[in-house]
Engineer: 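To start, I am sharing the structure in question, which I have written as structure tokens.
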Amino acid sequence: MNIKEFCDKYSIDRLGTNSLKWDALDKRYGDKRLIAMWVADMEFKTPQAVIEAMKKRIEHGIFGYSYVPMSYYDAFINWEKNEHNYEVNKEWIRFSTGVVIALYWFVNAFTKPDDSVIIITPVYYPFHNAVKDNGRKLITSELINTDGVYTIDFDNFEKNIIENNVKLFIQCSPHNPVGRVWTEKELDKLLSICKKHNVLVVSDEIHQDIIVGKNIQFPAAIVSGGKYADNLITVTAPSKTFNLAGLLNSQIIISNEKIMAKYDAYAKTVNKTEVNIMGLTAAEAAYNHGKEWLNSLLDVIRYNYNYLKTNLNEKAPKIIITPLEGTYLAWLDLRGYVDPKDTKTFIQDKCRLAVDLGEIFSENCKGFVRLNMATDPKYVEMAVYNIIRNITLLENSEFEH
Ligand SMILES: Cc1ncc(COP(=O)(O)O)c(C=O)c1O
């Protein structure tokens with residue numbers, strides 16, 4: 001399907017559907033007439049095969065307690081093997097009602113109050129919260145930003161681990177919000193530092209299927225021939241890939257038996273929920289039949305990102321746009337035009353966009369914004385138009401002063 005065919009078939013107006021992204025604008029931004037480009041879900045219906053599978057399940061009319069069928073494991077295991085060259089054993093898999101709740105569990109299960117947990121910032125803000133809300137010490141290692149291209153400061157990462165006796169590292173791979181798909185070499189270096197200092201790694205790979213640049217996505221578990229799999233918990237989900245976040249279904253993968261035993265013992269105390277029957281139905285169909293849909297989606301994301309980049313580069317060249325290798329989240333540095341303290345006024349009140357502001361990902365990122373590109377190109381066109389128009393107005397007014 002080309003971009004137009006995909007949008008004609010799957011793009012949909014979400015207003016009036018209790019959508020957090022669109023219908024909670026008033027509550028969250030104090031203005032319900034903004035273009036919603038914030039939270040990471042999409043304006044695209046899930047693949048038709050998923051809708052059909054769910055309809056079939058609904059028509060049966062029974063929604064009693066269920067278990068995870070072998071066909072689900074097969075679908076997920078095949079997906080990981082075919083898409084990521086990662087061979088997962090059924091025994092290594094557990095379930096959670098979302099990735100964020102699982103991060104909270106890991107912090108509790110594998111660290112003690114006041115232990116240090118490290119994250120690499122700027123990063124998805126629930127990573128910060130999972131540590132702070134649980135009374136652990138949050139240690140951050142800031143990425144190096146070279147003209148919008150982000151790399152890991154390995155020396156700082158290791159120094160912070162040693163100085164703070166860090167017990168756990170929560171990794172984001174691909175990295176939200178800076179769109180990096182880490183290379184095997186980078187991952188090897190990161191994971192080897194963790195291994196050397198006995199730091200357990202939680203690798204959040206929820207964006208693993210949204211790869212839009214040239215880098216190959218390496219599950220942490222297969223880096224350097226699987227050398228670090230024993231010191232690792234991986235979390236992943238079909239929710240970003242197939243727009244299923246509201247169905248609350250995600251996977252935890254642990255291949256080390258001791259870590260699994262510890263996890264299972266902890267999970268007994270917090271996770272008494274059976275699996276969600278609709279979430280499983282949807283995810284199984286998506287893993288089995290969603291590949292073609294995903295390919296078209298990736299084309300739309302690339303198209304939207306390139307449109308944004310080309311037009312802003314031409315008309316507002318002082319905006320620094322980070323290269324998008326993975327995720328569907330564009331990361332923009334507006335500081336070339338806008339005083340960081342005025343970012344919200346500029347992007348929200350002037351440009352009419354509801355976005356995530358940089359400072360929620362790192363206190364050093366005031367003046368940055370994150371824009372969701374998994375949307376109908378018409379919204380990206382409006383956003384680009386509004387940004388350029390307001391930059392021009394800003395420049396002219398400064399010129400007049
Ligand atoms: C890195 C990362 N982890 C987790 C989530 C959310 O996961 P869930 O909705 O399954 O809790 C997101 C959503 O944007 C994310 O970017």
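Values reported hereafter were calculated over all heavy atoms of this structure, with side chains retained and with hydrogens, waters and symmetry mates removed. Both counts, for ligands and for their atoms, begin at 1 and track the order of listing. Position 1 is the first residue of the sequence, and the numbers go up from there.
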Engineer: Taking only heavy atoms of Gly98, which atoms of ligand 1 are found under 4.0 Å from at least one of them?
Structural biologist: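 Close to Gly98: 10 (O), 11 (O).
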Engineer: From Asp299 CG over to Phe6 CZ, what is the distance, rounded to the nearest 0.5 angstrom?
Structural biologist: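 Going from CG on Asp299 over to CZ on Phe6, the span is 9.5 Å.
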Engineer: In terms of residue, atom name and distance, what is the protein heavy atom nearest to atom 8 (P) of ligand 1?
Structural biologist: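 That would be Val99 N, 3.4 Å.
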Engineer: Flag Asn176 as yes when one of its N or O atoms lies below 3.5 Å from any N or O atom of ligand 1, and as no otherwise.
Structural biologist: yes
Engineer: Hey, which atoms in ligand 1 end up nearer than 4.0 Å to a heavy atom of Cys172?
Structural biologist: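 Listed by number with element: 1 (C).
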Engineer: Between ligand 1 and Phe127, is the shortest N or O to N or O distance under 3.5 Å?
Structural biologist: no
Engineer: Can you tell me which portion of Ile206 lies within the under-4.0 Å heavy-atom range of ligand 1? Options are side chain, backbone, both, or neither.
Structural biologist: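 The part of Ile206 near ligand 1 is the side chain, not the backbone.
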Engineer: For atom 6 (C) of ligand 1, what is the nearest protein heavy atom, given as residue, atom name and distance?
Structural biologist: Tyr124 OH, 3.3 Å
Engineer: Check ligand 1 against His207 and write out every atom of the ligand that is under 4.0 Å from a heavy-atom position of the residue.
Structural biologist: 1 (C), 15 (C), 16 (O)
Engineer: Apply ring pair (Phe, Tyr, Trp, His ring centres under 6.0 Å) to Phe157 and Phe169, showing your working.
Structural biologist: CA-CA 10 Å; Phe157 181 72; Phe169 166 44; 4.9 Å; yes
Engineer: First locate atom CG of Asn372, then atom CG of Asp356, and finally report the distance between them rounded to the nearest 0.5 Å.
Structural biologist: 9.0 Å
Engineer: Give the atoms of ligand 1, by number and element, whose distance to some non-hydrogen atom of Lys240 is under 4.0 Å.
Structural biologist: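 Contacts of ligand 1 toward Lys240, numbered from 1: 12 (C), 13 (C), 14 (O).
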Engineer: Report the nearest protein non-hydrogen atom to atom 1 (C) of ligand 1: residue, atom name, distance rounded to 0.1 Å.
Structural biologist: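 The closest one turns out to be Asp204 OD2, 3.3 Å.
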Engineer: Any protein heavy atom lying closer than 4.0 Å to atom 11 (O) of ligand 1?
Structural biologist: yes
Engineer: Where the side chain of Asn304 meets the backbone of Met373, is there a donor-acceptor pair that is under 3.5 Å apart?
Structural biologist: yes
Engineer: Show me which atoms of ligand 1 lie under 4.0 Å from any heavy atom of Ala40.
Structural biologist: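 Taking each heavy atom of Ala40 in turn, ligand 1 has 14 (O) under 4.0 Å.
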Engineer: Let me confirm one number: the CD1-CG distance from Ile120 to Asp153, rounded to the nearest 0.5 Å.
Structural biologist: 9.0 Å
Engineer: Closer than 4.0 angstrom: is that true for some heavy atom of Ser250 and an atom of ligand 1?
Structural biologist: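 The answer is no, since Ser250 has no heavy atom less than 4.0 Å from ligand 1.
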Engineer: When you look at His197 and Ile162, which way does the side-chain contact (heavy atoms from CB on, under 4.5 Å) test go after all the steps?
Structural biologist: CA-CA 7 Å; His197 299 289; Ile162 297 168; 3.5 Å; yes
Engineer: In Å and rounded to the nearest 0.5 Å, what is the OG1 to CH2 distance from Thr269 to Trp105?
Structural biologist: 9.5 Å
Engineer: What I want to check is whether the side chains of Trp293 and Tyr10 have a donor and an acceptor closer together than 3.5 Å.
Structural biologist: no
Engineer: Return the NE2 to CG distance between His84 and Asp209, rounded to the nearest 0.5 Å.
Structural biologist: 4.0 Å
